[in-house]
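Side-chain atoms are counted along with the backbone in the values below, which use heavy atoms only and exclude waters and symmetry mates. Letters A, B, ... are given to chains in the order of the sequence lines, protein chains preceding strands, and every chain is numbered from 1.
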Amino acid sequence: MLLPEAFYYRNDVTRIARDLIGKALYTRLDGEITAGLIVETEAYSWKERGCHAYDSRMTQRNAVMFDEGGHAYVYLCYGMYNLFNVVTNRKGKAEAVLIRALEPMEGVNIMQDRAGVQHSKRITSGPGKLTRALGIDRTHNGVPLRSRQVWLADVGYKVGKKEIVASPRIGIDYAGEDAQLPWRFILKDNEWVSK
DNA sequence: TAGAGGATTGAT
DNA sequence: TCAATCCTCTAC
């Protein structure tokens, strides 16, 4: 079942980041469907320094974060990796959830081909890797998450509160104190969580 | 318009 | 620990 628009409109990005654990991300590109269960996320908000839209500073790159929740924010990191985010909250309130790792569900052979490997290990266990596996790139920036190309769904996977572990976010030392916020969420003991 | 640096990754 | 790789943002 597609996640409803109201799921994204909520004014609490960390809650949404938690709720996304155990949901599924799908893509359908050239008729090929690939999907994975979300096992790791990070929340970002205009209120803190880790965020591209800190202090509500809008640039050409982050503009989609200021749009209505329920869109994709995809940008290039370190010159070679596309990172996929779920835009949340209402128009003008720049918040997003970075999807950091997936457990492969559907189209595993297609994902292996895109990763250039013969086995399924570790092909979606990181934010740069999962976009490659699902075929997501910057052409998907701004795409609605209820579209035919990219969508998020509840597949009936149940996650208990105790199965979600919070910790500081990765790779944002430049954010000072805000780097300590426990805004990274993982599905406990899942082998697909990033290193 | 130049220069610095980055929400990563995999090899050393 | 380090380089790959190039886009984005800031400052001049």
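When distances run from any side-chain atom of A:Cys77 to the nucleotides B:dT8, C:dA4, C:dC6, the shortest one goes to B:dT8.
No engagement by A:Arg169 is indicated, since no non-hydrogen atom pair under 4.0 Å with the nucleic acid exists. Contacts of A:Leu98 with the nucleic acid, taken as non-hydrogen atoms under 4.0 Å apart, include base atoms. Here A:Arg138 lies in heavy-atom contact (under 4.0 Å) with sugar-phosphate atoms only. Looking at heavy-atom distances under 4.0 Å, A:Gly128 makes contact with sugar-phosphate atoms alone, never a base.
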Find every protein N or O atom lying less than 3.5 Å from an N or O atom of nucleotides 10-12 of chain C, and list the pairs.
unit_1	atom_1	unit_2	atom_2	d
C:dT10	OP1	A:Arg57	NH1	2.8

For nucleotides 10-12 of chain B, list the nitrogen or oxygen atoms of the protein found under 3.5 Å from its nitrogen or oxygen atoms, one pair per line.
unit_1	atom_1	unit_2	atom_2	d
B:dG10	OP2	A:Lys129	NZ	3.2

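As rounded to whole Å, 11 Å separates atom P of C:dC7 from atom CG of A:Asn82. Computed from coordinates, the A:Tyr54 OH to B:dG6 P distance equals 17 Å when rounded to whole Å. Taking atom CG on A:Asp55 and atom C1' on C:dC9, their separation rounds to 15 Å, with Å as the unit. Straight-line distance from the OH atom of A:Tyr78 to the C1' atom of C:dC2: 13 Å, rounded to whole Å. Between A:Gln60 atom CD and C:dC7 atom P the separation is 13 Å, expressed in whole Å. Between A:Ile123 atom CD1 and B:dT9 atom C1' there is a gap of 15 Å when expressed in whole angstrom units. A straight line from CG of A:Asn62 to C1' of B:dG6 spans 14 Å, rounded to a whole angstrom. Distance CG (A:Asp178) to P (B:dA7): 14 Å, rounded to an integer number of Å.
Between A:Arg169 and A:Glu48 there is a salt bridge, with a side-chain nitrogen of the basic residue lying less than 4.0 Å from a carboxylate oxygen of the acidic one. Under a 4.0 Å N-O distance rule, the pair A:Lys121/A:Glu191 qualifies as a salt bridge.
Not counting sequence neighbours, A:Glu95 has no partner by the salt bridge (charged side-chain N to carboxylate O under 4.0 Å, His left out) test. In terms of the side chain to side chain donor-acceptor pair (under 3.5 Å) criterion, residue partners of A:Thr27 (sequence neighbours excluded) are, by chain and number, A:Thr34.
Phosphate proximity of C:dC9 to A:Arg61: present, with a side-chain N or O under 4.0 Å from OP1 or OP2.
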Give the dot-bracket line for DNA chain C from 5' end to 3' end: parentheses for intra-strand Watson-Crick or G-U pairs under 3.5 Å, square brackets for crossings, | for inter-strand pairing, dots for unpaired. ||||.||||||.
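Alongside A:Phe66, the hydrophobic cluster contains A:Tyr44, A:Met58, A:Val64, A:Met65, A:Tyr73, A:Tyr75, A:Met80, A:Tyr81, A:Leu83, A:Val87, A:Leu98, A:Ile172, A:Tyr174 (criterion: ILVMFWY side chains under 4.5 Å).
Side-chain contact between A:Leu25 and A:Phe84: present, with at least one pair of heavy atoms (C-beta onward) separated by less than 4.5 Å. Within the 4.5 Å cutoff, no side-chain heavy atoms of A:Asn109 are placed close to those of A:Arg114. With contacts defined as side-chain heavy-atom distances shorter than 4.5 Å, the pair A:Tyr8/A:Leu145 qualifies.
Both thresholds, 5.5 Å between centres and 30° between ring planes, are met by A:Tyr44 relative to the base of B:dA7, so the two rings are stacked.
Both the sub-6.0 Å distance and the 45° axial angle are not jointly satisfied by A:Arg18 relative to the ring of A:Phe185.
A:Thr14 and A:Asp12 share a donor-acceptor pair across their side chains, judged by distance under 3.5 Å alone.
Checking each of A:Thr88, A:Asn89, A:Asp19 against A:Arg10 for a side-chain hydrogen bond (donor to acceptor under 3.5 Å, both in side chains) leaves exactly one that passes, namely A:Asp19.
Annotation: the span from A:Asp154 atom CG to A:Leu20 atom CG amounts to 10.5 Å, rounded to 0.5 Å.
Using atom P as the reference point in both C:dT5 and B:dA2, the two lie 23 Å apart (nearest Å).
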